[in-house]
Number of protein chains: 2
Amino acid sequence: MSAIDRAALDELVGGRQRRLQARDDIIREGDRPEDMNLLLTGWACRYKTLEDGRRQITSFFLPGDICDLNVFYLRMMDHSIGALTGITYAEVPRATYERVSGRHPRILQALTWDTLVAMAVQREWTVNIGQRSAYERIGHLFCELFYRLRAVGLTDGDSCDLPFTQIDLADATGLTPVHVNRTLQELRANGLIRLDRRTLTLPDLAALKRDALFDPTYLHLDREGAHLDANDA
Amino acid sequence: MSAIDRAALDELVGGRQRRLQARDDIIREGDRPEDMNLLLTGWACRYKTLEDGRRQITSFFLPGDICDLNVFYLRMMDHSIGALTGITYAEVPRATYERVSGRHPRILQALTWDTLVAMAVQREWTVNIGQRSAYERIGHLFCELFYRLRAVGLTDGDSCDLPFTQIDLADATGLTPVHVNRTLQELRANGLIRLDRRTLTLPDLAALKRDALFDPTYLHLDREGAHLDANDA
DNA sequence: CGAGCGATTGATCATAATCAAGCGATGTGG
DNA sequence: CCACATCGCTTGATTATGATCAATCGCTCG
């Protein structure tokens, strides 16, 4: 990344920064989106709630992720974005976004890239929930999170942070918390995961990948485009 | 849509057009994407297959839909796109796309819009499969398809075409064909649908929406952006 | 006419949901 | 500093939704 690109990135992120506690929402279903949000630290998620209270988490946001690129083209949020941990994020106004992306094609390219990968991940979630068993589903999600965290340097050997509850995990996988708990025990018993105090360890990633039918192609980590990573800023 | 926009659209669609039979693939997982594909007539779908044969349809494409905007930014297809009926589609080379979108901001805006809505639909599918019962799930999908078809003028009163098999429906909803069949009977028995010879009728859309917890907000049909519809071309 | 496909039905099974209760750690107010 | 409330996790018992296995039927097409 060149000095010019870095400056452009600073310009993007350098405006208003905000801080939220776990469980607070960045933006809620029904709101009119005003800004693009870039997660700097902590974990967040996108979710939708049905009238009767059922809740589905549709994406996780890790540090460096863009929560909603271009969402200001839409009149109304059709989902909410909430903090899973304490977070800090940059609020990028539309004008700033347009100025920076207009002047810096590589930044625009990186944002486009990010959008395409986000779509690929969303598709894989559809496959995950639609076709995989509870055991595979949770294993697959763990593989995905581990790969994504590793790509931004947030793993430590075969371990990484996993700062959300089993209820969150249930809402993300379309399972009940009780069943998530039992499935986690099964994964543990098979030596595929260790999970202790918000730290996830994958002692045998190859075996987990096999059992969960995980193929990282969809993450497109072999990126040819420029890489935009808010952690670089 | 102005004459200039229309001319731009003609330029986009006016290149190579192709024709495929049902069950042929436009492009397959593992291929390198070369072009953007615009579906002109017929139905297609995006799908992924697991090693053991399980298959998940992740989106349906209706006439006028863009199958894969910008996909040429990615090195390799992580999914396939297949024809569900006989189809015709326009193959737009990267160069054409870049020339036209560079010169015609409204076209670019319309394509961006399309991408954002496609993402919203993909999220809703995640919710649908993750949280809704088989009955709600199929009902919800029918509502979605009906709304989308109506938006491009492809409905006839409370009826529309539904040119795919129960197996396709099963692969799209994450259910087995047997269970789809039984659920369809239940929907029929409750007077919410009629389904005969590839024609779907929704005699009581309001009731179906209620039972399926369908809220069309996510389709963003109240579009403020320009509307790109290949059928206009 | 026979093959193949899609839809349908029946019987049985399994995965995951539901209901309910208890445990341990953390945190707070009296 | 203790009492108790809360939260996240865990366990047990039971139920239900949807999967699986298997067979039949009608239709179209070569």
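Convention: sequence-line order gives letters A, B, ...; per-chain numbering from 1.
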Inset, instruction - Apply salt bridge (Lys or Arg N to Asp or Glu O under 4.0 Å) to B:Arg16 and B:Asp35, showing your working. - result: CA-CA 11 Å; B:Arg16 190 202 295 276; B:Asp35 308 288; over 6 Å; no
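- Which of C:dA7, C:dT18, C:dG6 sits closest to the side chain of B:Asn181 comes down to C:dA7.
- In this structure, the CG atom of B:Leu169 is 15 Å from the C1' atom of C:dT8, given to the nearest Å.
- Residues A:Trp43 and A:Phe61 keep their aromatic ring centres 6.0 Å or farther apart.
- Distance, A:Asp171 CG to C:dA17 P: 12 Å, rounded to whole Å.
- Remark: of the listed residues A:Glu144, A:Glu124, A:Gln122, A:Arg123, A:Glu144 is the sole one forming a side chain to side chain donor-acceptor pair (under 3.5 Å) with A:Tyr218.
- Rounded to a whole Å, the NE2 atom of B:His179 is 15 Å from the P atom of D:dA16.
- In this structure, B:Arg23 reaches the sugar-phosphate backbone alone: every heavy-atom distance under 4.0 Å involves primed, P, OP1 or OP2 atoms, never a base.
- In this entry the distance linking CZ of A:Arg132 with P of C:dA14 reads 23 Å, nearest Å.
- Using a 4.0 Å heavy-atom criterion, one finds that B:Thr176 contacts the bases of the nucleic acid, with or without backbone contacts as well.
- Atom C1' of nucleotide D:dT10 and atom CG of A:Asp196 are separated by 15 Å, given to the nearest angstrom.
- Residue-level contact check: B:Thr183 touches neither bases nor backbone, having no heavy atom under 4.0 Å from any strand.
- The minimum heavy-atom distance between A:His79 and A:Lys48, with the atom names listed, is CB-CG, 3.6 Å.
- Going from atom CD of A:Gln166 over to atom P of C:dA16 covers 16 Å, rounded to whole Å.
- Between D:dT11 and A:Gln185, a contact under 4.0 Å exists linking OP1 or OP2 to a side-chain N or O.
- Residues A:Glu91 and A:Gln17 are not in side-chain contact: their nearest non-hydrogen atoms beyond the backbone lie 4.5 Å or more apart.
- For B:Ser133, the side-chain hydrogen bond (donor to acceptor under 3.5 Å, both in side chains) test picks out B:Glu136, with sequence neighbours left out.
- Distance from the side chain of A:Thr165 is smallest to D:dG8 among D:dG8, C:dA20, C:dA17.
- Here the nucleotide nearest the side chain of A:Arg182, chosen from D:dC9, C:dG6, D:dA13, is D:dA13.
- With rounding to whole Å, A:Leu175 atom CG is found 16 Å from D:dT10 atom P.
- Set against D:dG18, C:dT18, C:dA17, the side chain of A:Val178 has C:dT18 as its closest nucleotide.
- Cation-pi geometry between B:Arg55 and B:Tyr47 is satisfied (NZ or CZ under 6.0 Å from the ring centre, within 45° of the ring normal).
- Rounded to whole Å, the distance from CD on B:Gln131 to C1' on C:dA16 is 13 Å.
- Comparing C:dG10, D:dG8, D:dA19 by their closest approach to the side chain of A:Arg198 singles out D:dG8.
- In this structure, the helix from C:dC1-D:dG30 to C:dG30-D:dC1 shows an angle of 30° between the axis at its start and the axis at its end, each fitted on 5 base pairs and rounded to 10°.
- Closest non-hydrogen pair, B:Gln56 versus A:Gly130, comes out as OE1-CA, 3.5 Å.
- Contact annotation for A:Arg188: backbone-only contact, meaning every heavy-atom pair under 4.0 Å involves sugar-phosphate atoms and none involves a base.
- In terms of phosphate contacts, A:Arg197 brings no side-chain nitrogen or oxygen within less than 4.0 Å of OP1 or OP2 of D:dC9.
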